[in-house]
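Order of the sequence lines fixes the chain letters, A, B, ..., with proteins taken first and strands second; residue numbering starts at 1 for each chain.
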Number of protein chains: 2
Amino acid sequence: MTAAKESAHGKRDTGTLGKLMVLLDVVSHADGPMRFTDILAVTDQPRGTVHRQLSHLVDEGLLEIDEDGLYLPGLRLLDFASRSWGRNEFRLIAEPHLKALQDMTGETVHLGVLRGTSIIYLDKFEGQQPVRMYSQIGNASPVYCTGVGKAALSILPQERVRALVAEIAFHRFTANTHTAKSLLGEIEEIRKVGHAFDREEHEVGIRCIAAPIWSENLSLVGGVSVTGPAYRLGMESLSEWAAPIRETAGRIMEAMRVGLGPRR
Amino acid sequence: MTAAKESAHGKRDTGTLGKLMVLLDVVSHADGPMRFTDILAVTDQPRGTVHRQLSHLVDEGLLEIDEDGLYLPGLRLLDFASRSWGRNEFRLIAEPHLKALQDMTGETVHLGVLRGTSIIYLDKFEGQQPVRMYSQIGNASPVYCTGVGKAALSILPQERVRALVAEIAFHRFTANTHTAKSLLGEIEEIRKVGHAFDREEHEVGIRCIAAPIWSENLSLVGGVSVTGPAYRLGMESLSEWAAPIRETAGRIMEAMRVGLGPRR
DNA sequence: AAATTGAGTTCCAAATAATAGAACAATTGT
DNA sequence: ACAATTGTTCTATTATTTGGAACTCAATTT
């Protein structure tokens with residue numbers, strides 16, 4: 001009779017932790033250090049409560065307070081993340097294939113995986129520069145405006161796509177950014193041809209082509225992409241990479257079957 | 001009359017969050033995916049409790065369960081971390097100076113910062129030579145067996161060093177790893193000369209030289225280091241870099257004063 | 001100089017979520 | 001077929017979190 005056991009959109013109730021994660025999310029996704037009052041403003045909880053919650057997060061190193069008393073994400077997060085990343089099997093298996101694709105195309109190659117309604121970038125191979133670990137790696141981007149995201153959606157059963165799309169809060173990043181309706185339409189196209197484009201849908205001047213990667217039971221869904229600046233990459237030249245990128249995706253899936261299949 | 005408000009060594013009580021963080025710590029620092037029972041074994045809590053705690057962590061994406069039901073660190077951690085890293089001012093300011101030091105020495109350069117009794121590596125510039133090393137951006141390493149760690153301790157007031165050392169659980173990684181007593185002795189030396197060595201104290205075959213970096217009020221304490229394999233780097237050649245590495249540290253501190261001092 | 005506003009912190013009875021422990025499934029080994 | 005091990009669910013009890021007010025401190029305004 002009291003509050004719902006599950007919040008509006010199917011997310012499970014995680015009690016105290018859930019409330020704390022909202023705060024961590026707010027602070028870590030802000031443009032810069034945040035004042036207590038500004039954090040308070042985006043919650044609907046009383047001051048005393050938020051104050052104690054933030055104190056706990058700070059005590060645990062998940063948040064920090066700078067000398068001006070502003071809150072910012074804590075460095076302890078880095079330690080957790082580096083271990084999550086360092087041992088990620090999908091990434092380890094895909095690595096050589098990504099490198100090869102980078103060599104072939106000369107453009108930036110990304111590996112991403114679907115989590116909720118976001119794509120989390122697991123790895124990135126740039127032209128000359130050595131890999132700057134978190135330069136883009138780790139970032140969560142919306143599914144609906146990334147090549148990898150749309151490629152990933154295209155291999156999910158239609159019902160699951162619809163359910164996911166219903167959860168998304170669409171935001172118009174550029175003139176080409178999808179809406180719920182246009183996205184569902186394009187997914188159908190992608191399903192047929194086997195690869196997806198990003199036609200400057202997330203950032204003006206940035207295009208990409210992507211192919212999906214998935215495990216048998218869909219416990220892992222993601223993709224590879226080749227990204228580059230629009231001035232250098234016409235849609236025609238992007239299209240020429242459709243075959244190699246699909247082959248790369250295929251090789252990664254094959255490597256996963258032998259690498260993960262038989263008891264590791 | 002009940003349990004203490006503060007745990008043994010001065011750490012604040014963070015209630016429910018603290019208990020959850022212990023679990024997250026255990027799983028993310030394990031060698032591989034963990035079974036429920038193994039996680040349970042390292043806690044002193046009842047089965048039902050741990051089970052629910054893990055469920056909450058999984059629901060929030062901080063942990064994940066693979067197809068065998070094993071727990072591993074969740075990818076959501078990557079998103080948090082990439083934002084923490086991407087905007088870290090200390091790292092951004094130090095970057096060009098680290099690069100210059102790497103160019104000059106040709107060996108791997110690290111930037112680290114003190115958090116509790118650990119050094120968290122914020123950045124790393126590698127040389128050409130592919131030397132496998134137990135160090136990655138974000139990783140937390142013990143203060144007492146890293147060059148950066150000892151350099152950092154050397155600029156803290158003696159009482160604070162003693163307090164910190166008292167908290168450390170010393171683990172003998174190599175034959176040269178410090179004990180509490182020997183560490184305190186070396187800190188005195190480092191305080192005098194202004195730079196620290198790591199004489200294969202963490203990993204056999206790996207040496208380094210480091211210089212401390214600190215802010216006026218000690219709100220930030222860390223260091224830079226040049227690291228390399230023992231077979232190529234004798235203690236004599238390492239010593240030759242004492243001056244340049246201290247200059248690099250000096251330049252970074254100068255840049256911090258102008259960069260952070262006046263309202264950013 | 002006194003009063004006012006705004007930001008941050010502390011406190012405690014009441015509300016709520018976490019806990020302990022047992023009971024229940026499901027899986028594996030003998 | 002039986003025992004042992006592992007993982008999951010349930011509920012009264014207990015402990016933590018909550019909400020709201022009161023308080024401090026500094027910066028502005030009157």
Side-chain angles (χ1 to χ4, degrees), chain A residues 1-8 11-27 30 32-60 62-72 74 217 219 262-263, chain B residues 1-7 11-27 30 32-60 62-72 74 217 219 263:
Chain A
M1 210 77 17
T2 51
K5 267 266 160 64
E6 311 204 349
S7 67
K11 252 201 165 178
R12 300 267 223 90
D13 177 30
T14 55
T16 303
L17 179 62
K19 296 168 197 159
L20 293 171
M21 293 302 287
V22 170
L23 293 181
L24 187 51
D25 217 61
V26 165
V27 175
M34 287 184 83
R35 297 185 321 159
F36 172 75
T37 308
D38 296 330
I39 299 172
L40 180 62
V42 300
T43 74
D44 52 356
Q45 291 183 302
R47 297 149 68 97
T49 300
V50 173
H51 189 266
R52 179 187 37 76
Q53 290 171 329
L54 289 172
S55 299
H56 284 178
L57 289 167
V58 169
D59 288 341
E60 288 296 337
L62 300 179
L63 290 181
E64 296 184 7
I65 304 187
D66 69 13
E67 45 264 315
D68 302 329
L70 302 176
Y71 291 85
L72 44 112
N217 58 1
S219 65
R263 219 91 306 274
Chain B
M1 211 81 18
T2 51
K5 267 266 160 66
E6 310 205 350
S7 67
K11 250 201 167 181
R12 301 266 223 87
D13 176 30
T14 55
T16 302
L17 178 62
K19 296 166 198 160
L20 293 171
M21 292 304 287
V22 169
L23 294 180
L24 187 52
D25 216 63
V26 165
V27 175
M34 289 184 81
R35 298 186 320 158
F36 172 75
T37 309
D38 296 330
I39 299 171
L40 180 62
V42 300
T43 74
D44 51 356
Q45 291 182 302
R47 298 152 68 94
T49 300
V50 173
H51 190 268
R52 180 185 37 76
Q53 290 172 329
L54 290 172
S55 299
H56 283 177
L57 288 167
V58 169
D59 288 342
E60 288 296 336
L62 300 179
L63 291 180
E64 295 183 8
I65 303 186
D66 69 13
E67 46 263 317
D68 302 328
L70 303 175
Y71 291 85
L72 45 109
N217 58 2
S219 66
R263 220 92 301 277

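A residue-by-residue look at B:Lys19 and A:Thr49 shows that B:Lys19 has its nearest nucleotide of DNA chain D further toward the 5' end. In this structure, B:Gly48 and A:Arg35 both approach DNA chain C, and ranking their closest nucleotides by distance from the 5' end singles out A:Arg35. Where A:Phe36 and A:Leu17 meet DNA chain C, the nucleotide closest to each residue was compared, and A:Phe36 sits on the side nearer the 5' end.
Closest approach of A:Leu23 and A:Leu54 over heavy atoms only: CD1-CD2, 4.1 Å.
B:Ile65 has its CD1 atom 10 Å from the P atom of D:dG7, to the nearest Å. B:Met34 places its CE atom 15 Å from the C1' atom of D:dG7, with the value rounded to the nearest Å. Going from atom CG of B:Asp44 over to atom P of C:dA18 covers 18 Å, rounded to whole Å. Distance, B:Asp68 CG to D:dT6 P: 16 Å, rounded to whole Å. B:His51 has its NE2 atom 13 Å from the C1' atom of D:dC10, to the nearest Å. In this structure, CZ of A:Arg52 is placed 12 Å from C1' of C:dT10, rounded to the nearest angstrom. Atom CG of A:Asp13 and atom P of C:dA17 are 7 Å apart (whole Å). The nearest whole Å value for the distance from the CG atom in A:Leu40 to the P atom in D:dT18 is 13 Å.
Regarding contacts with the backbone of C:dG8, a side-chain N or O of A:Thr37 is found under 4.0 angstrom from either OP1 or OP2. In this structure, A:Arg47 does not reach the C:dT9 phosphate: none of its side-chain N or O atoms is under 4.0 Å from OP1 or OP2. Within the structure, every side-chain polar atom (N or O) of B:Gln45 is placed at least 4.0 Å from both OP1 and OP2 of C:dA18. Using a 4.0 Å cut-off, some side-chain N or O of B:Thr16 falls inside it from OP1 or OP2 of D:dT17.
Counting heavy atoms from C-beta outward, A:Arg52 and A:Thr49 have side chains that approach closer than 4.5 Å. Between B:Thr16 and A:Leu17, every side-chain heavy-atom pair lies at or beyond the 4.5 Å cut-off.
Note: B:Phe36 and B:His51 have perpendicular aromatic rings, judged against thresholds of 30 and 60 degrees for the angle between ring planes.
No donor-acceptor pair under 3.5 Å is formed between the side chain of B:Asp68 and the backbone N or O of B:Leu70.
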